Amino acid sequence: MKDKLYLMIPGPTPVPPAVVNAMSRPIIGHRSAEFAALIGRVTDKLKKVFQTENEVFVLACSGTGGLEAAVANVVSPGDKVITLNTGKFGERFGELARKYGADVDEIKFGWGCDVDIRVVEEKLKADPDIKAVFATHNETSTGVVNDIEGLGRLTAQHQAVLVVDAVSSMGGMDIRTDEWKVDIMVSGSQKAMMLPPGLAFVSVSPKAWNVIEQNKAPKYYFDLIKARKSLGKNNTPYTSAVSLYYGLEAALDMMLEEGLENVFKRHKLLAKATRAAVMALGLELLPALEYASDTVTAVQCPMTVDVNNLRKTLLDKYRVMVAGGQGELKGKIFRIAHMGYTAKADVLLTIAALEMALNECGYKAELGAGVREAQLVFLGEDN
Ligand SMILES: *Cc1c(COP(=O)(O)O)cnc(C)c1O
């Protein structure tokens with residue numbers, strides 16, 4: 001028998017049994033009254049998690065499809081836009097915007113750093129023609145959280161719409177779409193939302209609709225105006241991912257039952273324990289503590305340890321899967337996710353396995369030192 005797999009990567013993440021059960025229900029017609037009622041309920045519940053009164057669309061695609069939908073509907077060829085690059089996913093917004101013909105000003109803040117709002121402010125002041133600002137809330141590749149509230153305060157004073165990638169934070173962190181004045185918020189199913197891969201979620205503000213209605217980019221599947229027309233009748237333009245909707249409702253019910261406040265608190269606590277544990281082992285975090293993510297912790301791999309060997313040891317010996325670095329951080333960091341269907345015991349187990357794997361890879365980690373620090377956090381007895 002293969003040992004149980006502990007999926008501690010930032011997506012796809014473990015799916016709760018209640019969600020798996022819901023998805024095994026018989027398929028119904030996607031144009032039936034029953035399915036329309038489901039879309040209506042799911043939309044209302046999604047709005048609660050997004051903390052928005054705006055429409056929230058459910059698209060059948062991965063998170064990047066949601067990002068592409070945002071870009072395709074906002075960017076007309078030749079538009080000036082700003083993309084904020086704090087890692088792999090911020091970089092992706094730049095790539096997408098260029099594909100759709102935007103005149104892109106890509107601001108690079110360094111991978112491991114957060115967005116410096118003053119830089120964005122100067123750019124917006126200098127050029128009133130800027131049409132959109134594309135930002136990442138939780139930069140999964142670096143474990144950095146950006147100040148979306150600050151960016152929203154800024155873009156609200158300008159013509160530019162604010163488009164935010166919250167794929168790896170929605171469902172795990174307190175994201176106030178309306179209060180923060182985010183025009184388009186994008187998320188996906190397989191991170192903190194506790195679902196399998198396959199869905200993207202996109203909310204659209206009235207300010208964004210004004211831009212979308214003028215948009216001249218070619219698009220078909222991702223046409224949000226068509227999606228709006230359909231959603232008005234609790235429908236989708238093309239075949240809905242019926243089973244994933246079943247799962248989505250079950251996952252949303254779990255979150256709302258736990259209480260969003262408690263969901264956010266749980267993620268904060270797991271992140272705090274993970275950070276305390278790895279630091280107790282003498283390892284360094286990639287981002288500064290003040291903007292470290294609640295859903296994924298990026299750890300600098302000690303120089304003497306081969307990160308691939310460490311990950312392989314964790315997986316082969318203990319069946320604990322953590323992620324490596326992406327792009328320029330490949331070989332330099334590893335990432336432990338603590339998002340979605342994750343609890344204290346998952347963190348304790350991961351840290352225990354990490355302590356053993358580090359020793360097996362030639363790094364002298366004191367056995368139990370990280371676990372103890374995490375335990376103290378969970379007992380509320382840390383410092
Ligand atoms: C996972 C992720 C995405 C989307 O990735 P897909 O593989 O297309 O689902 C986008 N942005 C961030 C921040 C992510 O973590």
Side-chain angles (χ1 to χ4, degrees), residues 7-15 50 57-72 83-97 99 106 109 111-115 133-148 151 162-173 175 177 182 184-203 221-222 241 244 247-248 251 267 271 286-287 291-298 321-330 333-342:
L7 203 53
M8 302 300 285
I9 57 173
T13 60
V15 177
F50 270 61
F57 300 98
V58 177
L59 309 174
C61 55
S62 86
T64 305
L67 302 182
E68 178 150 4
V71 171
T83 63
L84 307 179
N85 177 342
T86 53
K88 182 83 193 155
F89 294 101
E91 181 182 77
R92 185 166 297 175
F93 259 146
E95 291 166 3
L96 273 163
K99 283 278 183 212
E106 180 173 359
F109 295 93
W111 290 22
C113 300
D114 68 341
V115 165
V133 175
F134 293 90
T136 315
H137 176 234
N138 190 68
E139 179 49 76
T140 320
S141 66
T142 63
V144 163
V145 182
N146 288 307
D147 176 12
I148 300 304
L151 282 171
L162 177 60
V163 180
V164 173
D165 172 349
V167 173
S168 63
S169 45
M170 188 64 74
M173 293 168 69
I175 299 178
T177 302
V182 176
I184 299 188
M185 185 70 88
V186 180
S187 194
S189 54
Q190 81 276 22
K191 308 278 171 87
M193 298 288 290
M194 306 192 290
L195 288 157
L199 295 180
F201 315 114
V202 180
S203 78
Y221 185 70
F222 285 137
L244 284 168
L248 177 56
H267 283 83
L286 176 68
Y291 47 80
S293 165
D294 288 348
T295 59
V296 58
T297 295
M321 187 182 270
V322 301
Q326 294 171 288
E328 61 186 61
L329 292 170
K330 220 182 185 78
I333 63 164
F334 62 92
R335 294 172 297 147
I336 302 169
H338 27 76
M339 60 172 84
Y341 188 52
T342 312

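Worth knowing before you read on, the calculation uses all heavy atoms, side chains too, and leaves out hydrogens, waters and symmetry mates. Not measured: the values here are computed from a predicted model. When a ligand or atom number is given, it counts from 1 through the structure's own listing order.
- Among all protein heavy atoms, the one lying closest to atom 13 (C) of ligand 1 is Thr140 OG1, 3.2 Å.
- For ligand 1 and Gly63, the ligand atoms under 4.0 Å from any heavy atom of the residue are 4 (C), 6 (P), 8 (O), 9 (O).
- Of the N or O atoms in Asn138, none lie within a sub-3.5 Å distance of an N or O in ligand 1.
- Judged purely by atom type and a 3.5 angstrom limit, Glu139 uses its side chain to pair as donor or acceptor with the backbone of Phe89.
- Between Ile9 and Pro12 there is a side-chain heavy-atom pair separated by less than 4.5 Å.
- Here the heavy atom of the protein found nearest to atom 6 (P) of ligand 1 is Ser62 OG, 3.4 Å.
- Counting only distance, with no hydrogens or angles, the side chain of Asn146 and the backbone of Val115 share a donor-acceptor pair below 3.5 Å.
- Taking NZ of Lys330 as the start and NZ of Lys88 as the end, the distance is 8.5 Å to the nearest 0.5 Å.
- Of all protein heavy atoms, the one closest to atom 5 (O) of ligand 1 is Thr64 OG1, 3.5 Å.
- Between the side chain of Ser168 and the backbone N or O of Lys191, no donor-acceptor pair lies under 3.5 Å.
- Between the Ser189 side chain and the Pro196 main chain, a donor and an acceptor come within less than 3.5 Å of each other.
- Between Phe93 and Phe134, the two ring planes are tilted [angle within 30° to 60°].
- Set against the non-hydrogen atoms of Ser168, the atoms of ligand 1 under 4.0 Å away are 13 (C), 15 (O).
- Contact between Gln190 and ligand 1 is present, with at least one heavy atom of the residue lying under 4.0 Å from the ligand.
- The protein atom (non-hydrogen) at minimum distance from atom 11 (N) of ligand 1 is Asp165 OD2, 2.5 Å.
- Not a single N or O atom of Pro10, backbone or side chain, sits closer than 3.5 Å to an N or O atom of ligand 1.
- The nearest protein atom to atom 1 (C) of ligand 1, hydrogens excluded, is given as Lys191 NZ, 1.4 Å; this is a heavy-atom distance.
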